[in-house]
Amino acid sequence: MATKIRRLTLSTGWLIVTLVAGLPLFGIIVGIWPSVAISWSDIARFFAYNGLASTVLSTLALSLLAPLLALYIAFMVYSQYRFNSRWQALEKRLAPLLSLPHLAVALGLVYLFSSGGMLWSSLWGVFGYSPPQWLGLPHKSLVTMLFAISIKEVPFFLLIFSALGRQLAIKNWLLQGRALGHSESASWWLLVFPIILKQSRLALLAAMAYSLSVLDISLLVGPNIPELYAVVLYNWQTGFTAEHQTLAFVGNLVLLVLLALLIVGIYLHEWWAVKRLRNHAVKGTNLKIVRISRLFTHWLGFFSLLTLAILVTFLVWSLGWNNQGTINTLSSVNWSFRLWQDEWFFMQGPLLNSLYIALLSGVIGVFMAILALELQRQSTVYLPDYIWLMAILLPQLSMVYGWQISHTALNGGYHSGWIILSHLPFTFAYSYLVLRGPFQSLDRHFELVAASFGYNYWQQFWKIRMMLLRPAMLSALAIAFSVSVAQYIPTLMIGAGRVTTITTEAVAIASGNEQNITAIYMLVQASLPFIAFFTASIMAQRVRGSFDVTH
């Protein structure tokens, strides 16, 4: 009887985690299933769409270049920090820096570095002038998006490199490089980078898939002419005519083709980079990129300062800064909390929705990730990571479109329960990504000792394994919470605009010209992840202390 109950429990667990992990693939399949009859003339009309070629090419260029630029910067930082005293400080700050929403980084750069932004306006205002329009980052351009996504993805790749570094014999490789006559900096590129590049394929694909279908940043800081493909596809998906639905169907197929091209691009880039590095190793020529790497010896301070500057910029804008005047200086601003007081009444609902949805979807996502890992441990076979990470490896627009079609077919209501379900695949994927390393690296010696004292399976699981995993689980929960707070497409498309969150309200307001009000919402959105990580760090310290005392 006990064996049957155990088998039933395991089967139920596998069914649950399979459903959650398979939701993205289900959405993709439904999204490319035509709801109306498709003819060759419809397909011809799609490819004749005005500006389609420019839109596709600019989107492909952005999706390929921004993640690659972030990967190279991250490796330069990693090579400078890994084996010195600053590495522990960097590892501690990785998760909080990673949690800063993409939208906050993008708008923060615009509010700070554009011609009407706080930095240039303050500097030129000291001399009694207004900054020229050509100075600084453009408000809406491909370059602005490239900078925003590249800067934001660096902590993500550093987190991946940190996990990979624990599994690779990097010190031995560096010693071999020195024995062959290469400098330590050159050895990083000639011996370590090719392996790291190969091991980072999934991470690179995740960053490219995000850049390919990101909507909120494309709407607010992306170019208007041509629009990025995510904006064009979203307009088709939300159209009600048969023509729009036809364009949306073909558009989803093209989006998957673009993803396939990016995968090919990953392998081509890997082949090209490894070939170039081998040529340098054989010929013994100097690597120019080694000199560039030295520029990132103080990256932690720079990025921490940039994050603080973005938060301060939002705060200053929300307290009265206005770029509509002729001359802007900090001393000329009429500082006031009145805008906060006026907006608080409208902000309470979206803020409570964000907290409620993020907390529930985060907790469930962490639980599902632990369940998936434990089920694989029981079966002694760990499935490939891409099976569990499909939510961040597939284009979000297509999968959520499929969910929206299914939600409408089921006559689902517009309430927070459906939003939580739509966030769950993403919180699950990121939780799995964070917990996989700590879970698999746990020393089984503790459980063997517990078993010798008569602990059964559940006692070992709860009193040993879960206790050891609590700090990692708290970090995973903080990241899952931050991921849910930043979700825009699922909240908008599944909730049909009736379930508002801080992110959806921020995008709606930022689409207009209320920059001061936008700054309030962006500051709140950016602060929520930091509060989550601050709380998680305090709880993790107490958990470690209680575990040490008890055991």
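Hydrogens, waters and symmetry mates are skipped; everything else that's a heavy atom, side chains included, is used.
The local environment of CZ in Phe346 is sparse, with at most 12 non-hydrogen atoms from other residues, nucleotides or ligands closer than 6.0 Å. Other residues, nucleotides and ligands contribute more than 12 heavy atoms inside 6.0 Å of the CG atom of Leu308. The neighbour count for Phe534 CZ, taken as heavy atoms of other residues, nucleotides or ligands under 6.0 Å away, does not exceed 12. Counting non-hydrogen atoms of other residues, nucleotides and ligands closer than 6.0 Å to CZ of Arg338 gives a total of 12 or fewer. His415 NE2: more than 12 foreign heavy atoms inside a 6.0 Å radius.
Counting only distance, with no hydrogens or angles, the side chain of Glu153 and the backbone of Pro67 share no donor-acceptor pair below 3.5 Å. Of the possible polar contacts, one joining the Ser293 side chain to the Ile289 backbone as a donor-acceptor pair under 3.5 Å is found. Judged purely by atom type and a 3.5 angstrom limit, Ser304 has no side-chain atom pairing as donor or acceptor with the backbone of Gly301. Distance alone, capped at 3.5 Å, is enough to place a donor-acceptor pair between the Lys140 side chain and the Gly222 backbone. In this structure, Ser431 contributes its side chain and Ala480 its backbone to no donor-acceptor pair below 3.5 Å. Lys152 places no side-chain N or O within donor-acceptor distance of the main-chain N or O of Ala106, the cut-off being under 3.5 Å.
A distance of 6.0 Å separates CG in Leu421 from CG in Leu23, rounded to the nearest 0.5 Å. Taking CD from Glu505 and OG1 from Thr500, the interatomic distance works out to 5.0 Å, rounded to the nearest 0.5 Å. To the nearest 0.5 angstrom, Met522 atom CE is 13.0 Å from Gln515 atom CD. The structure places OH of Tyr521 at 13.5 Å from CG of Asn516, a figure rounded to the nearest 0.5 Å. A distance of 12.5 Å separates CG in Leu62 from CG in Leu57, rounded to the nearest 0.5 Å. Interatomic distance, CG of Leu306 versus CG of Leu109, reported as 6.0 Å (0.5 Å rounding).
Closest approach of Val400 to Ile494, counting heavy atoms only: O-CD1, 4.2 Å. For the pair Ala486 and Gln525, the tightest heavy-atom approach, listed with the atom from each and the gap, is CA-NE2, 4.1 Å. Trp317 and Tyr111 get closest at one heavy-atom pair: NE1-O, 3.5 Å. The two residues Ile520 and Glu343 make their nearest non-hydrogen contact at CD1-CB, 4.3 Å. Taking both residues in full, the closest heavy atoms of Pro138 and Thr144 are given as O-OG1, 2.7 Å, listed atom of the first, atom of the second, then distance. What you find for Ser150 and Ala70 is that their closest heavy atoms are O-CB, 3.4 Å.
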Run the numbers on Val221 and Leu103 for side chain to side chain contact (heavy atoms under 4.5 Å, CB included), then give the verdict. CA-CA 9 Å; Val221 302; Leu103 184 60; over 6 Å; no
Would Leu435 and Ile370 count as a side chain to side chain contact (heavy atoms under 4.5 Å, CB included) here? Give the steps. CA-CA 8 Å; Leu435 289 171; Ile370 290 290; 3.8 Å; yes
Apply ring pair (Phe, Tyr, Trp, His ring centres under 6.0 Å) to residues His269 and Tyr72 and explain how you reach the verdict. CA-CA 12 Å; His269 165 263; Tyr72 274 90; 5.5 Å; yes
Taking it one step at a time, do Tyr386 and Leu205 satisfy side chain to side chain contact (heavy atoms under 4.5 Å, CB included)? CA-CA 10 Å; Tyr386 60 80; Leu205 176 59; over 6 Å; no
Run the side chain to side chain donor-acceptor pair (under 3.5 Å) test on Thr55 and Glu227 for me, step by step, so that the C-alpha distance in whole Å, both residues' side-chain angles and the decisive distance to 0.1 Å come before the verdict. CA-CA 6 Å; Thr55 295; Glu227 291 180 316; over 6 Å; no
Please report the C-alpha distance between Ile292 and Met76 in whole Å, then the side-chain angles of each, then the deciding distance to 0.1 Å, and finally whether the side chain to side chain contact (heavy atoms under 4.5 Å, CB included) criterion is met. CA-CA 8 Å; Ile292 302 175; Met76 293 178 193; 3.9 Å; yes
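The side chain to side chain contact (heavy atoms under 4.5 Å, CB included) test with Leu107 singles out one residue from Val507, Thr518, Ile310, Leu112, and that residue is Thr518. Here the rule is ring-ring contact (aromatic ring centres under 6.0 Å, His included) with His102, and of Tyr210, Phe147, Tyr488 only Tyr210 fits it. Under the side chain to side chain contact (heavy atoms under 4.5 Å, CB included) rule, Leu355 has a single partner from Ile357, Leu351, Asn353, Leu359, which is Leu351. Residue Ser361 is tested with Ser484, Ser416, Ser422 for a side chain to side chain donor-acceptor pair (under 3.5 Å); the sole match is Ser484.
Asn252 and Ser398 are linked by a side-chain donor-acceptor pair at a separation below 3.5 angstrom, with hydrogens and angles left out of the test. A donor-acceptor contact closer than 3.5 angstrom is absent between the side chains of Trp189 and Ser79.
Inter-residue side-chain proximity for Trp299 and Leu158 is flagged as met; some heavy-atom pair is nearer than 4.5 Å. Using a 4.5 Å cut-off on side-chain heavy atoms (C-beta onward), Phe75 and Val192 make contact. Here the side chains of Leu164 and Ser200 are in contact, with some heavy-atom distance below 4.5 Å. No side-chain heavy atom of Pro395 sits under 4.5 Å from any side-chain heavy atom of Tyr229. Residues Leu262 and Leu258 fail the side-chain proximity criterion, which asks for heavy atoms closer than 4.5 Å. Between Leu397 and Val214 there is no side-chain heavy-atom pair separated by less than 4.5 Å. Contact of the Leu142 side chain with the Leu228 side chain is registered, since non-hydrogen atoms from C-beta on lie closer than 4.5 Å. Side chains of Gln487 and Gln396 form a contact here, defined as non-hydrogen atoms less than 4.5 Å apart.
Taking the ring centroids of His407 and Tyr414, they lie under the 6.0 Å cut-off.
Phe161 and Phe157 have tilted rings, their planes meeting at an angle from 30° to 60° on a 0 to 90° scale.
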